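Since we're looking at a predicted model, the values are computed, not measured. Here is the naming used below: chain letters follow the sequence lines, and residue numbers restart at 1 for every chain.
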Number of protein chains: 2
Amino acid sequence: MGPLDSYLPYLLNRAGARIATAFNEEVRPLGATLQIWRVLAALREHDGRRMGDLSDTTSIEVSTLTRLVDNMEQKGLVARRRDANDARAILLHVAPAGRRLTQRILPIAERYEAVALAGFSAGETEVLKAALRRLYANMDELES
Amino acid sequence: MGPLDSYLPYLLNRAGARIATAFNEEVRPLGATLQIWRVLAALREHDGRRMGDLSDTTSIEVSTLTRLVDNMEQKGLVARRRDANDARAILLHVAPAGRRLTQRILPIAERYEAVALAGFSAGETEVLKAALRRLYANMDELES
DNA sequence: CCCATTTATTTGTAAATGCAAATATTGGTC
DNA sequence: GACCAATATTTGCATTTACAAATAAATGGG
């Protein structure tokens with residue numbers, strides 16, 4: 001392996017960590033965290049998700065997620081409901097305070113997207129996003 | 001903001017988290033962790049680094065790093081030495097066990113690079129890496 | 001229809017994390 | 001040369017995290 005900054009996982013982590021840290025600081029005054037935002041964003045895309053589903057889409061480990069959701073529930077951001085068709089499962093729903101918080105975080109999220117991609121053309125942006133999806137998919141190879 | 005999987009920080013985190021989790025599992029049997037590897041890899045590139053320098057290059061928060069290094073020192077992987085020119089600073093050096101561990105992890109790291117980038121041409125790979133460096137640099141904008 | 005297996009979530013517990021404060025040292029200024 | 005702000009690291013402490021085990025419910029085979 002050559003220099004560190006030619007090593008893909010290194011570059012990936014470095015960029016991700018930097019964005020994550022900055023974003024986290026920014027939403028803190030709103031009483032949120034990056035992880036809370038991840039859950040809210042996932043619910044914004046599709047409300048009433050299972051814990052396992054949320055864990056997959058947010059990349060938050062499921063036992064960590066349980067406790068995060070405990071916390072969000074206490075804050076009135078979300079509500080747990082038993083799935084009527086499968087009593088093992090929980091369906092997590094946004095609550096009004098969660099919707100309000102989402103609306104406050106959205107512009108910050110959009111700003112981060114813009115800042116991170118400053119100077120990228122629409123084409124370059126698409127190539128990058130496609131590559132990131134491909135990286136993710138490539139990891140299937142090691143899961144088996 | 002549109003669908004989650006068109007949101008750059010999401011894609012970045014998702015890919016990074018997946019690689020990190022898998023890598024971490026893989027090095028665990030060797031008595032290592034991803035964070036330990038990050039430190040070893042940074043020292044491999046340039047031995048005798050300051051804590052702050054290491055924190056920057058590994059993206060590990062400096063107070064976390066202190067304790068990680070305590071741990072690595074106990075395992076005989078690294079050694080702290082006071083900087084002779086500046087008694088505030090520590091210079092961290094690999095120790096023999098650290099070098100051996102590095103040698104055992106290197107092939108795993110190379111495999112991860114290969115798996116993640118499977119199907120990418122050399123050109124595509126370079127475009128991706130350049131983009132990740134650019135993302136990182138773009139975040140300067142928010143630091144001020 | 002009962003049992004064993006699988007799936008979904010939570011809980012126990014130890015370790016990792018990160019902010020803030022403390023400590024140590026340097027370097028410049030008066 | 002003493003003092004003060006800046007820099008480097010560590011420590012205190014509360015929170016977050018993650019592995020493993022526990023709990024609960026569904027599913028399918030006999």
_Between R100(A) and Q103(A), is there a side-chain donor-acceptor contact under 3.5 Å, judged purely by atom types and distance?_
no
*Would you classify R67(A) as touching base, sugar-phosphate or nothing, given that sugar-phosphate means primed atoms plus P, OP1 and OP2, and contacts are heavy atoms under 4.0 Å?*
base
*Does T66(B) or N85(A) map to a spot on DNA chain D nearer the 5' end, using the closest nucleotide for each?*
T66(B)
_Working for side-chain contact (heavy atoms from CB on, under 4.5 Å), residues L92(A) and M72(A)_ = CA-CA 11 Å; L92(A) 195 70; M72(A) 292 177 70; 6.0 Å; no
*Could you check how far CD1 of I60(A) sits from P of dA18(D), rounded to whole Å?*
9 Å
*Rounded to the nearest angstrom, tell me the gap between atom CG in L54(B) and atom P in dT7(D).*
19 Å
*Given dT17(D), is OP1 or OP2 found less than 4.0 Å from the side-chain N or O atoms of T64(A)?*
no
*Nearest-nucleotide comparison on DNA chain C, the residue closer to the 5′ end among E25(A) and G52(A)*: G52(A)
_Under 4.0 Å between a side-chain nitrogen and a carboxylate oxygen: does that hold for D140(A) and R18(B)?_
yes
*Can you tell which of dT25(C), dT9(C), dT9(D) lies closest to the side chain of D86(B)?*
dT25(C)
*Take L12(B) and L132(B), measure what side-chain contact (heavy atoms from CB on, under 4.5 Å) needs, and give me the verdict at the end.*
CA-CA 9 Å; L12(B) 208 52; L132(B) 291 173; 3.7 Å; yes
*Within this structure, what is the CZ-to-P distance between R50(B) and dA24(C), rounded to whole angstrom?*
18 Å
*Taking atom P of dA25(D) as reference, at what distance in whole Å does atom CG of D83(A) sit?*
13 Å
*asked:* Whether the side chain of E113(B) engages the backbone of Y7(A) through a donor-acceptor N/O pair (distance < 3.5 Å, no angle test) should be reported.
replied: no
*Whole angstrom is fine here: how far is it from CG in L91(B) over to P in dA8(D)?*
12 Å
*Could you state the atom-to-atom distance from CG of L68(A) to C1' of dA18(D) in whole Å?*
14 Å
*asked:* Rounded to whole Å, please give me the gap between CG in L92(B) and C1' in dT10(D).
replied: 14 Å
_Within the 4.0 Å heavy-atom criterion, would you say R80(A) contacts the bases, only the backbone, or no part of the nucleic acid?_
sugar-phosphate
_Need one value for R82(A): base, sugar-phosphate or nothing, where a base atom within 4.0 Å counts as base even if backbone is also close, heavy atoms only._
nothing
*Expressed in angstrom and rounded to an integer, what is the separation of I90(A) atom CD1 from dT7(C) atom C1'?*
14 Å
*Out of dT17(C), dG12(C), dT6(C), which has the shortest distance to the side chain of R88(A)?*
dT6(C)
*asked:* As a test of reading the structure: which of dA20(C), dT25(C), dC19(D) is closest to the side chain of A87(B), going by heavy atoms?
replied: dT25(C)
_Contact nearer the 5' end of DNA chain D, comparing E61(A) with A84(A)_ = E61(A)
*Do any side-chain nitrogens or oxygens of Q35(A) fall under 4.0 Å of OP1 or OP2 in dT15(D)?*
no
